[in-house]
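I have placed the structure first, in the form of structure tokens, so that the comments after it can refer back to it.
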Amino acid sequence: MKEILEQSNLRLTNGWRMALWAMVALGVAMFIAGLVSGAAQRTWQAFLINTTYWGGMAQAGVMLSVIWQITDARWGRPFKRLSEGYASFLPVSLVMFILLYFGAGHLYEWVHHPMHVKEAYLNMPFFVIRNTLGLAVLIWLTMVYVRNSLAPDMAAARKLVAGFGGTFGDRLLNGYGDHKVEVDRLELKARKLAPALGVLYAVVMSLVAFDFVMSLDQLWFSTLFGVFFFIGNLYTALALMLIIVTFTRNRPVISEFMSINRFNDLAKLTFAIAMLYTYMAFSQFLVIWYSNLPEEAPFLVERAIADTPWRPLFWILVVLLFVLPFLTLATRTICRIPKLAAGIAFVLMIGQWWAHYLLIVPSVQGSHGEPHFVFGLHEILLTAGFGAGFFLCFFWFMGKVPLLPISDKRLSKTWHGH
Amino acid sequence: MARTDWRKEDDAVLMKPIFETTKNYYILVAVLVTLVLWGLISYIVQFNSGLGVTGMNFPVSWAFYIINFVFFIGISHAGTLISAILRLSQAEWRRPVTRIAEVITVAVLGIGGMNILIDLGRPDRILNMFLYGRYQSPLLWDATSITAYLTASSVYLYIPMIPDMAILRDNCDGGWRKVLYGTLALGWIGTERQHHVLERALAMMAVLVVPVAVSVHTVVSFVFSMTVQPMWHSTIFGPYFVVGAIFSGTAMLLIVMAVLRKVLKLEDYLQPIHFNYLGLIMLVMTILWFYFTGAEYLTAFYGNEPDEMRVFMSKWGGPYSPYFWAMVISCFFIPLPILAINRFRTIKGTVIASVFICIGMWLERFIIIIPTLANPRLHQYEHGHYAPSIIEIGIMVGCFALFALVYVLFSKLFPMVSITEVREGRDDTENIVLERLRRYTPGKGRLD
């Protein structure tokens, strides 16, 4: 046990931390510069891409832990804490979503010219109320879940290493009773929390997908869009997980838990989610293409068929997000070479970013003249800022907690056999 | 008891229904045959007089037969898909369940496909599908994927049955049974090589069957969603149908399991825990179903297209609202508490929930098909209506009776719980589980 705690110092070196802070600063500077320099729409658009991308991914990352909790899966236990680490970005992402309300006028056509029949749903007050409420409840419940899962580990860690986790640990263990009693009580609580969180995730993320992304084009609608969106986020979260695990599993002791078999399982799950995502995309776009209805077809035609700058991107994404994982992650060999799998996962993450881009940018440009491809400093610096912010939060969290859920019975069972 | 004694015990219980036939069995078969005959006579009447004897009309040109088609194909997802997933995820508790599930698939796929033939005024024209099929048409995709699924499921049912056939061959005294089992056993004597080949084949089929099964109901949904009919044309239909199919299939599986458990005295093999686990799967499907239904209807409401809204309103508060709400209640509000509360997730509880789900899912197909046809995009047929005729009811009863009959006859010829699987479970489970545990245990898999 103690060895695990000694290896639980997933911290950034000072150099990295400075670099990440610098990237955040650049992102903020770019954001402000973009707004005052008259490129407000483009800035907000990049902001929206990154909020849905990083915010969606952070939420989806925690859902992995929730899924393992619901399914009682033993193989996923060593990654549970890493998955909960994603939650550290959630408060930031809530702020980002709220900031987006101020840019709504630049992004959403319905703010100024609402369609009559949709006015009852697409109006600013209702938009703000339902999304703030939905996201706040989801994030609050996620925090309760993470705290619930973390507390017994922290208590167990403190028995071995006094003062583990510092003031963060103090606050976490406020009101924590007898360890044995608490472990059982919190496990029972997790059993109730996890399914509730799963349902809430699906509902709130569908809402986010509909409101923040689908309503950019207020005429278009697709019933599958919510699922498509949150499965995409799970896809990104798993890809990042593969990368993080690849770098974490080298440590002594930890490597015995994050064994190659378990890494293989994680890669297989990524493959499965990639196929599910493809299925969602295919069954959505084929139906739209085939029926060719005037209110929905333009969405697809503009992106995949007509001669626009988006068409090559669409087909590149088909290769990146479907063909690539299909050919690589389906094989046992590649799933068992962590560095290679992580490299592929990195490409998948980039692919998902562009998938968000492709959903958002053509709709924002909408009827404002010819569609034109934009990618430059605005997008790069804002993305870097968001990414750096995510990793700062993630490592802040990981630096204070035990890397493995040491009090989880489903982990320790195999451990005691040692 | 020693392992060999257990084996005798197992064999005796599992083979008993095959070699001993009670009077009740003949009565049951007679009743089912009568019902099937009712359906057959109804069909002959329809065949001679044309589809005019049904309740179908303009614009409601698809009705009971298509509903049953979708329903039966949906049920078929219980078997092969669930069995394959349980096999792939190495769930040990699957052993007594797989065969029961796989037989459902093969039986209902045939009946589902038959409903398409029944729906045709000129059934011989089905040949045109093969002679002049147009690959642009979802109907051809349907025919393709259902045939593929039927082939794959039959193979998938048959492969694990081979060792059982050998056991039966060695246990019967002669006569036609000996010939039948001998032929089906393909010379199985249980050598190491035979086991190896069988396992390879089974593992490959289990992987292949999953995408095929998913494609089947996706393509069935395309028959609707590729049209421009209001509330048929919906991007969610593929996954929505797949979820609904697994949902209703699991429910049917639970009902069949409960019946077999009582009738064939398999209480020792199909235990409460099997119902409990399948109940959990069904709970997840209940929630997913509700989410998808919500996404489908609320998004249609948000889209607010006039044509769609007419259909929407006819379900929500119009003439079809009783069926719509009955569907929602029996697919969600009744099963949810039963399946979610541990105390209720018993054999009785899951079966009650399953019955409601089967009815609810049949209504779901009704509520998808009929209101849309009655309110098509072209307004001149605005006031379509539909009520089934006695012929359609007869054929529907015949179909359900045929399903039961096929099942009953199958259980007379073959063991419904795989003898081999049960043996393997007794002999090897311990080692299999230990082996798997070793893969995960730190310290090079030492468990001592």
Side-chain angles (χ1 to χ4, degrees), chain A residues 70-71 73-75 77-78 115-118 120-122 195 198-199 202-203 206 210 214-215 219-228 231 253-262 264-265 275-276 279-280 282-293 295-296 413-418, chain B residues 89 136 138 207 210-211 214-215 218-219 221-222 224-229 231-243 280 283-284 287-288 290-292 294-306 308-309 340 342 377 436-448:
Chain A
I70 295 175
T71 54
R74 200 164 286 167
W75 69 269
R77 293 297 142 178
M115 273 170 74
H116 180 61
V117 286
K118 288 179 181 164
Y121 184 79
L122 290 180
V199 171
V203 173
S206 306
F210 277 49
M214 200 169 89
S215 80
L219 188 62
W220 184 72
F221 67 96
S222 165
T223 41
L224 192 58
F225 195 75
V227 191
F228 175 66
I231 295 290
V253 190
I254 304 295
S255 64
E256 293 183 14
F257 285 93
M258 299 186 184
S259 64
I260 193 70
N261 282 318
R262 282 177 164 171
N264 189 358
D265 286 345
M275 293 306 110
L276 186 61
Y279 170 65
M280 296 292 172
F282 175 75
S283 60
Q284 191 172 205
F285 293 142
L286 182 70
V287 169
I288 293 174
W289 174 75
Y290 193 100
S291 298
N292 211 9
L293 284 176
E295 67 267 23
E296 5 174 283
K413 232 178 213 167
T414 43
W415 175 256
H416 282 319
H418 186 59
Chain B
S89 56
Q136 302 96 319
V207 174
V210 174
V214 171
S215 85
T218 306
V219 173
S221 84
F222 282 170
F224 302 100
S225 61
M226 292 294 170
T227 65
V228 294
Q229 293 281 36
M231 293 211 72
W232 274 5
H233 173 72
S234 169
T235 51
I236 209 170
F237 258 39
Y240 184 32
F241 269 50
V242 174
V243 164
L280 280 174
L283 173 63
V284 175
I287 295 169
L288 273 179
F290 191 67
Y291 170 82
F292 275 100
E296 152 80 354
Y297 283 89
L298 294 180
T299 315
F301 184 70
Y302 162 83
N304 219 307
E305 242 206 339
E308 296 225 318
M309 284 315 284
N342 287 339
R377 207 174 272 278
R436 203 182 315 150
L437 220 57
R438 277 208 183 92
R439 284 177 47 212
Y440 290 140
T441 308
K444 305 215 167 48
R446 275 204 316 258
L447 287 168
D448 43 355

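Order of the sequence lines fixes the chain letters, A, B, ..., with proteins taken first and strands second; residue numbering starts at 1 for each chain.
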| task | Name the region of A:Met280, side chain, backbone, both or neither, that has any atom closer than 4.5 Å to a heavy atom of chain B. | result | side chain
| task | Go through the structure and list residues passing salt bridge (charged side-chain N to carboxylate O under 4.0 Å, His left out) with B:Glu305, not counting sequence neighbours. | result | B:Arg377
| task | Name the region of A:Ser215, side chain, backbone, both or neither, that has any atom closer than 4.5 Å to a heavy atom of chain B. | result | both
| said: Report which part of B:Val207 has an atom under 4.5 Å of a heavy atom belonging to chain A: side chain, backbone, both, or neither. | reply: neither
| said: Under 4.5 Å from any heavy atom of chain B, what part of A:Val117 do you find: side chain, backbone, both or neither? | reply: both
| query | So what's closer than 4.5 Å to chain B heavy atoms on A:Tyr279: side chain, backbone, both or neither? | reply | side chain
| Are a donor atom and an acceptor atom from the side chains of A:Thr223 and B:Ser234 found within less than 3.5 Å of each other? | yes
| query | Which atom pair, heavy atoms only, marks the closest approach of A:Tyr290 to B:Pro138? | reply | OH-CD, 3.1 Å
| task | Under 4.5 Å heavy-atom distance to chain A, tell me which part of B:Phe292 shows up: side chain, backbone, both or neither. | result | side chain
| message | So for B:Thr227, is it side chain, backbone, both, or neither that comes closer than 4.5 Å to the heavy atoms of chain A? | response | backbone
| In terms of heavy-atom proximity below 4.5 Å to chain B, should A:Phe285 be classed as side chain, backbone, both, or neither? | neither
| field | Atom pair CZ (A:Phe210) and OG1 (B:Thr299), whose distance is rounded to the nearest 0.5 Å | value | 3.5 Å
| Given a strict heavy-atom distance threshold of 4.5 Å, which part of B:Pro211 is in contact with chain A: side chain, backbone, both, or neither? | neither
| said: Give me the atom names and distance for the closest heavy-atom approach of B:Ala300 to B:Glu308. | reply: CB-OE1, 3.8 Å
| request: Sort B:Tyr291 into side chain, backbone, both or neither according to what part of it lies under 4.5 angstrom from a heavy atom of chain A. | output: side chain
| task | Start with the C-alpha distance between B:His233 and B:Phe224, add both sets of side-chain angles, then the distance that settles side chain to side chain contact (heavy atoms under 4.5 Å, CB included), and finish with yes or no. | result | CA-CA 7 Å; B:His233 173 72; B:Phe224 302 100; over 6 Å; no
| field | Under 4.5 Å from any heavy atom of chain B - which part of A:Leu286 | value | both
| query | Taking C-beta and beyond as the side chain, do A:Phe221 and A:Met214 meet within less than 4.5 Å on heavy atoms? | reply | yes
| said: Suppose we screen for side-chain hydrogen bond (donor to acceptor under 3.5 Å, both in side chains). Which residues come up paired with B:Ser215, at least two apart in sequence or across chains? | reply: none
